[in-house]
Amino acid sequence: MTATATPARRAAPARASRGLWRDALVRLTRNGPALLGMFFIVVFVLAAVLAPVISPYDPIAGSLANRLQAPGTAGHVLGTDLQGRDELTRILYGARISLQVGVISVLMGLAIGGTLGAIAGAFGGAVDNVIMRIVDVLLAIPGILLAIGIVAWLDRGLPQIMLAVGMTNAPIFARILRGSLLALRESDFVVAARSIGATPLRLLLRHMLPNALTSLIVAATLALATAIIDVAGLGFLGLGPPDPRTAEWGTMLTDSTKYLREAPYLIFFPGVAIVISAIGFNLLGDGLRESLDPRLRR
Amino acid sequence: MALLEVRDLVVRFRTHDGTIYAVNGITFDVEAGETLGLVGESGCGKSVTNLAIMRLLPKPAGRIERGRVTLDGVDLIALPESEIREMRGRDVAMIFQDPMTSLNPVLTIEEQMVETIVAHRAATRADARKRAVELLGMVGIPHPETRLRSYPHQFSGGMRQRVMIAMALALEPKLLIADEPTTALDVTIQAQVLELLKDLTARLGTAVILITHDLGVVAGMAERINVMYAGFIVETAPTPDLFARPSHPYTVGLLHSIPRVDAAEGGELVPIEGVPPDQRRAPVGCPFAPRCAWRVEACWADNPPLVPLEPVSRLVATGPGATHQIACHNPPLPDEARTGRPTRPGFVAAPPPGAVIDELAVATPDVEATLVEFPTTDAREERR
Amino acid sequence: MSLAQNAGATRPGESDRPLLRIDDLRMYFPITEGLVFEHHVGDVRAVDGVSFQLRRGETLGLVGESGCGKSTTGRTIVRLYRPTGGRIEFDGTDITTLGGDQLRRMRRRMQMVFQDPYSSLNPRMNVAGIVGEPLDIHKIGTPHERRERVRELLGVVGLNPEFGVRYPHEFSGGQRQRIGVARALAVNPELIVADEPISALDVSIQAQIINLLERLQDRLGLTYLFIAHDLSVVRHISDRTAVMYLGRIVELAASRDLNQMPLHPYTVALLSAIPIPDPAVESRRRRIILRGDVPSPANPPSGCRFHTRCWLRERLGNPERCTVEDPQLRELSAGHAVACHFAEEVDGSPEQRQSTGQGGTQAAAATSWAPAGNAPSAAPAAPGA
């Protein structure tokens, strides 16, 4: 071996301690697909936040004189739709709805599902049995059907859509959290904490929840992708926002189906927007799973 | 020409966290019918060496960077994938620590054994089945006819390892690689399995590479031993020589780290200080230097090559007369090997050229430290 | 009072009282069937009538193969489980059914060290948090005092006190086990139950931890219950050793006696199965190869639980007594108890001498005693292979 190289095995320079979270972040930044996913998400979020800044047009009012301009027309990069509204503007504003509904519905799902899962996983026994049977019933109903039911029942409206999408996610979150809590309950370090006299509350808050969180974070990220698709799906089925003029990707798709021949781009661009944002969250979720998974680490 | 020749084998893994220097240029031979022990701790490269021989390194991370491996004169590294698959099982077979991972859980033992036999030998299924029954009987499975129809999970750990041995020997390979075959087993079951392994391979004339961390296991099983550390062979010798005159500080350290059940008195253990090597750093100097009590200045910069312990006119690579070789600048004297510590007057292990060896540890545990005054349990109970 | 002063500090009149007294301890785990409405179909009798005492400052080794109930015994003693039957007395107090705060207080006096240093430390807590947690839980000292104590504990177990802010995954296996030891020491316990504390570690690291535990015992007057599957390690560290088989103690003796004069056929077999790192000894040793596997603790054999695998029973012509009468632990010589009807037959037998290779010189004679009965039934019968 090279004898001239730097002295062997000198201690690594003292560096700041890295918790598992920071460690995971470093891993994430080395994960190509996850970075791509994050890029998509950043584009998506920026589009949503900066929509009024980027576009000079109104997403709702258009002039019929301007209708069905092909993409590339001066002033309309992505063309205009049936009502003569700028397509790019509508896609940017559509991102607002998707992001808003996606994030809020996932948070609602986390709140409902997380609480149920935490209770089931922490108490076990009969409580667990009752909660999980309810969750099983919810899981047995296809998510989109459940959402349709809720929207049909509570009438159309953004809050209803959020609740509907949130409710489809809640049982999934409940199941995931409950599963990891049950596994953690028997893990050595929880048994160790029990043996030094930790109270049940301390076991849950300090030992079990922080470790169960990773799987929930991954699930929530992936759920964002599904939520975006679900929102578009509801919109496509005519269960979108009550105002039919609202720039919402799913609704935009429905509106354009009849003009598939004349203006295929009206299907194409919202479709791409949905796919890219969903893929973004999927890639990030997979990346998070890899970087947070303690099994990949010694 | 030996049955298996490994020359200057270098294996590295490329991971997200950087390169892992798993095997760093090792050379050894295995003679037909010989049992070679490969001893070392987790991460010393002993398992990777054998995965490399079988061309079973995890892809795409693991790569053979350099070296040559020949079996009966056939270069295994250059062999196309289809031929290496032929070779696995027929010429070289492997058994693992956990037989459950290498048996298919959804197929019966019969399906798995018959398939293997039929695939490699143009035998009929009926013949293959007869052979399977015979093999199961040979490894001591009671009622082999009926047990053949069982699934892997229906066997106990020891029985599963017997099944694995039966499957490995089904095609009478020339070389059997046994990777920690008894580590997961209880000691009485380990005794059963080792006895069986020894008897069968002797009867069939199979050469064996026995990978283990347990010096006791190789002492009774192997004719020759390679001691590995951090991807290097640091000592190699016929088994009697190695135990009669352990000469590398690491070998000496290992022998003093385990209490012997036959020792008249408890005796004192002399641990190897420090932590296992970090294989994410390119090896510089002797890999054992940071933990070695005998290290001298040169050890930090210069990795000693594997050389004969005593001058020989001709190097013997295999068999009971193989040359005892070590890779060490400052080998322990026989007396020191017995006590496990350097006893030459005035000798001090050379300090590292850099700062400290391991920032996470303190050199000697501060057992005499006065601990902060705390109310003890008793005091508290009294106050209650 | 400092930790050091606690060493061997016993109140007057207590010195002869055992720190721990276990009496007919039973721990059964129910086997249930049914998904929604579970019903009880049987029990895994993990621990089935174990009794022993532990003196202050003593180390008792508990050894046996997987499934023998040694770990369950340890965990039941620190009351991670509620025993099915029997009695656990700690320093004169019956703790068998203690619960809630009383149990929590008691846990300060007995701590555990776990087998797997990777899974027994919470990956989301830093080392100072882990080691200091027992102090937090029991509200001992001021926050400043706790920090100081943690630093010192780290030093005591050989870790750099500066790195308490680091997380477990940054340490190697041996270092993590030291963290586990430091955590156990934090509240000045009197008893430490060490459950296979070295079996997950590399050979070269095991001796570090054994030596550390021994030094800590000398210094702090700790009492150890040392659980392991490796008889050579147990015998090295323990004053007395108890051998367990299928939920029972089959032999209990001073460690030296147990090794040199094992009296239970199972202990003899266990000793003979341990490989010795010395080819000369290995070549002249005769192993007793036990037939078959350990029976299930859900359905233990009648009479003596070892009778299905016993080489001695076979030698004696399969006496009926072994299958019908459950042998009790009886003291054959001072401090040497064994649960075997025919333990006297073991004493002086070539198997006993051979078990550790000490009878090696009689190798010639030994060949004559390798009767078919001991020869492994499991070994190849060579059906024309």
Side-chain angles (χ1 to χ4, degrees), chain A residues 11-24 26-27 124-126 128-130 132-134 136 180 183-217 291-298, chain C residues 35-38 74-75 77-81 100-101 103-130 133-138 160 162-173 176 180 183-184 186-187 189 193 195 200:
Chain A
R15 59 181 163 80
S17 162
R18 269 183 3 202
L20 276 189
W21 296 112
R22 294 256 317 260
D23 217 38
V26 171
R27 277 166 171 272
D128 174 43
N129 233 327
V130 170
M132 289 327 285
R133 293 302 80 79
I134 297 172
D136 282 344
S180 19
L184 284 166
R185 214 154 62 145
E186 298 306 316
S187 73
D188 279 359
F189 67 86
V190 172
V191 174
R194 218 143 60 80
S195 79
I196 56 178
T199 59
L201 190 66
R202 185 186 183 94
L203 288 180
L204 182 65
L205 295 181
R206 275 200 77 127
H207 295 282
M208 285 153 70
L209 274 182
N211 284 285
L213 227 48
T214 53
S215 49
L216 211 55
I217 289 172
S291 60
L292 288 170
D293 191 343
R295 272 171 305 179
L296 298 172
R297 175 195 335 273
R298 264 173 61 97
Chain C
L35 276 176
V36 182
F37 301 103
E38 295 179 339
R75 289 183 173 213
I77 287 170
V78 300
R79 286 295 322 281
L80 284 167
Y81 306 129
D101 272 349
L103 177 60
R104 211 160 289 136
R105 264 204 307 283
M106 199 47 105
R107 284 204 166 131
R108 291 176 49 190
R109 303 178 63 184
M110 36 193 211
Q111 291 283 303
M112 257 189 109
V113 175
F114 290 82
Q115 170 175 4
D116 186 343
Y118 289 95
S119 65
S120 61
L121 306 178
N122 185 343
R124 307 267 169 214
M125 280 169 83
N126 70 21
V127 168
I130 290 169
E133 189 173 26
L135 301 172
D136 291 346
I137 288 173
H138 296 289
N160 188 340
E162 302 304 317
F163 287 98
V165 291
R166 294 230 170 158
Y167 286 81
H169 69 273
E170 300 176 75
F171 292 80
S172 68
R176 299 179 67 154
R183 167 174 63 188
V187 286
V193 174
D195 186 4

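These numbers come from a predicted model, not from an experiment. The sequence lines fix the lettering, A, B, ..., with proteins before strands; numbering per chain opens at 1.
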Next on the checklist: Shorter than 4.5 Å, heavy atoms on both sides: which option in A/A193, A/S187, A/A198 has the most such pairs with chain C?
Outcome noted: A/A198
Checklist entry - Does C/M112 reach the side chain of A/V191, with side-chain heavy atoms less than 4.5 Å apart? => result no
Item to check | Test log, rule side-chain contact (heavy atoms from CB on, under 4.5 Å), inputs A/R206 and C/R124 | outcome: CA-CA 9 Å; A/R206 275 200 77 127; C/R124 307 267 169 214; over 6 Å; no
Item to check | Under 4.5 Å from a heavy atom of chain A, the part of C/R79 involved | outcome: neither
Item to check | Under 4.5 Å from a heavy atom of chain A, the part of C/L121 involved | outcome: backbone
Item to check | Over all atoms of both residues, closest heavy-atom pair of C/H138 and A/I196 | outcome: NE2-O, 2.9 Å
Checklist outcome for this item: Heavy-atom closest pair (C/S120 atom, A/A192 atom, distance to 0.1 Å) is O-CB, 4.0 Å
Item to check | Among A/V190, A/L213, A/L184, A/T199, residue most engaged with chain C (heavy-atom pairs, under 4.5 Å) | outcome: A/T199
Checklist entry - Any sub-3.5 Å donor-acceptor pair from C/R104's side-chain atoms to A/G197's backbone N or O? => result yes
Item to check | Contact origin within A/R194 toward chain C - heavy atom pairs under 4.5 Å | outcome: both
Checklist entry - Does any donor atom in the side chain of C/S119 or A/D188 lie under 3.5 Å from an acceptor atom in the other side chain? => result yes
Item to check | Contact leader toward chain A among C/V113, C/N122, C/I137, C/V78, where contacts are heavy-atom pairs under 4.5 Å | outcome: C/N122
Checklist outcome for this item: Applying a strict 4.5 Å limit to non-hydrogen atoms, the region of C/M110 in contact with chain A is backbone
